[in-house]
Amino acid sequence: MQIHAAPLALIALDGTKFAGSVSITRDELPHHPDKTFWIGDVIVAADQRGRGIGTLMMNAITAHAAEIGITDLYLYTPDQEAYYRKLGWQTIGRDPANGEDNVVMRYCL
């Protein structure tokens, strides 16, 4: 991984303890060749949930993406559409990735 181009990952720490992570991947869903940069691996440690770490990580990764010249980000989720909408993401479709009924969302930077 690197920090100045995708793919990349950010890790949140609480002191030296893992609190969460988020990444930007490339070409996550091959049947969406027009969508290059994808948010993935949004993970918040169970004992860290409810503290706003996920929102902080999403804000940090989108700001960093803008800094390195990414203009559009995508993600897919089976059950967190409302959460991502609150962060400014727009639903643009559906996809059965990984055998689940997912919404595909877009964030314009």
Side-chain angles (χ1 to χ4, degrees):
M1 292 271 171
Q2 53 202 339
I3 198 67
H4 300 293
L8 63 90
L10 298 179
I11 297 172
L13 299 173
D14 182 5
T16 59
K17 185 177 176 184
F18 175 81
S21 67
V22 61
S23 65
I24 298 176
T25 63
R26 293 181 64 100
D27 306 314
E28 178 77 17
L29 297 178
H31 52 284
H32 290 274
D34 58 321
K35 297 168 182 67
T36 303
F37 300 105
W38 294 79
I39 293 291
D41 304 318
V42 180
I43 300 166
V44 176
D47 64 338
Q48 300 290 322
R49 293 181 184 150
R51 298 179 54 203
I53 291 171
T55 299
L56 288 172
M57 289 190 313
M58 290 299 295
N59 290 339
I61 198 89
T62 55
H64 188 70
E67 287 175 16
I68 62 173
I70 294 173
T71 58
D72 296 294
L73 286 169
Y74 299 90
L75 63 77
Y76 60 95
T77 178
D79 59 0
Q80 296 298 315
E81 180 178 13
Y83 170 74
Y84 290 114
R85 276 188 179 278
K86 289 179 189 176
L87 297 179
W89 290 76
Q90 298 176 330
T91 301
I92 60 169
R94 303 194 82 74
D95 193 281
N98 300 322
E100 297 180 296
D101 182 27
N102 297 287
V103 295
V104 177
M105 304 184 84
R106 178 181 180 208
Y107 190 87
C108 298
L109 301 160

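These numbers come from a predicted model, not from an experiment. Numbering of residues begins at 1 and proceeds along the displayed sequence.
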4.5 Å side-chain heavy-atom contact, Ile24 and Ile39: yes

Separation between CG of Leu109 and NE2 of His64, rounded to the nearest 0.5 Å: 12.0 Å

Backbone N/O of Ala97 and side chain of Asp95: donor-acceptor pair under 3.5 Å: yes

Sub-4.5 Å side-chain heavy-atom contact between Lys35 and Leu29: no

Heavy atoms of other groups near Gln90 CD, more than 12 under 6.0 Å: no

Which atom of Asn102 lies closest to which atom of Pro96, heavy atoms considered: ND2-C, 4.1 Å

Pairwise distance CG(Asp34) to CG(Asp27) - rounded to 0.5 angstrom: 10.5 Å

Residue pair Ala19 / Ile53: nearest heavy atoms and the distance that separates them: CB-CD1, 3.9 Å

Side chain to side chain, Leu75 and Gln80, heavy atoms closer than 4.5 Å: no

Side chain to side chain, Met57 and Leu10, heavy atoms closer than 4.5 Å: no

Minimal non-hydrogen separation, Pro30 against Pro33, with atom names: O-CD, 3.6 Å

Side chain to side chain donor-acceptor pair (under 3.5 Å) contacts touching residues 49-63 (sequence neighbours left out): Asp14-Arg51, Gln48-Arg51, Thr55-Tyr83

Euclidean distance, Tyr74 OH relative to Glu28 CD, rounded to 0.5 Å: 14.0 Å

Closest non-hydrogen atom pair, Arg94 against Val104: C-CG2, 4.2 Å

Heavy-atom pair of closest approach, residues Ala65 and Leu73: CB-CD1, 4.0 Å

Aromatic plane relationship, Tyr76 with Trp38 - under 30° parallel, 30 to 60° tilted, over 60° perpendicular: perpendicular

Closest non-hydrogen atom pair between Glu81 and Val103, with its separation: OE1-CG1, 3.6 Å

Value rounded to 0.5 Å, distance of OG1 in Thr36 from CD1 in Ile70: 9.0 Å

Mutual orientation of the aromatic rings belonging to Tyr84 and Trp89 [parallel < 30°, tilted 30-60°, perpendicular > 60°]: perpendicular

Ring pair (Phe, Tyr, Trp, His ring centres under 6.0 Å) against Phe37, all qualifying residues, sequence neighbours excluded: none

Identified side chain to side chain contact (heavy atoms under 4.5 Å, CB included) counterpart of Ser21 within the set Ile43, Leu13, Ile61, Val42: Ile43

Tyr107 and Leu87, any side-chain heavy atoms less than 4.5 Å apart: no

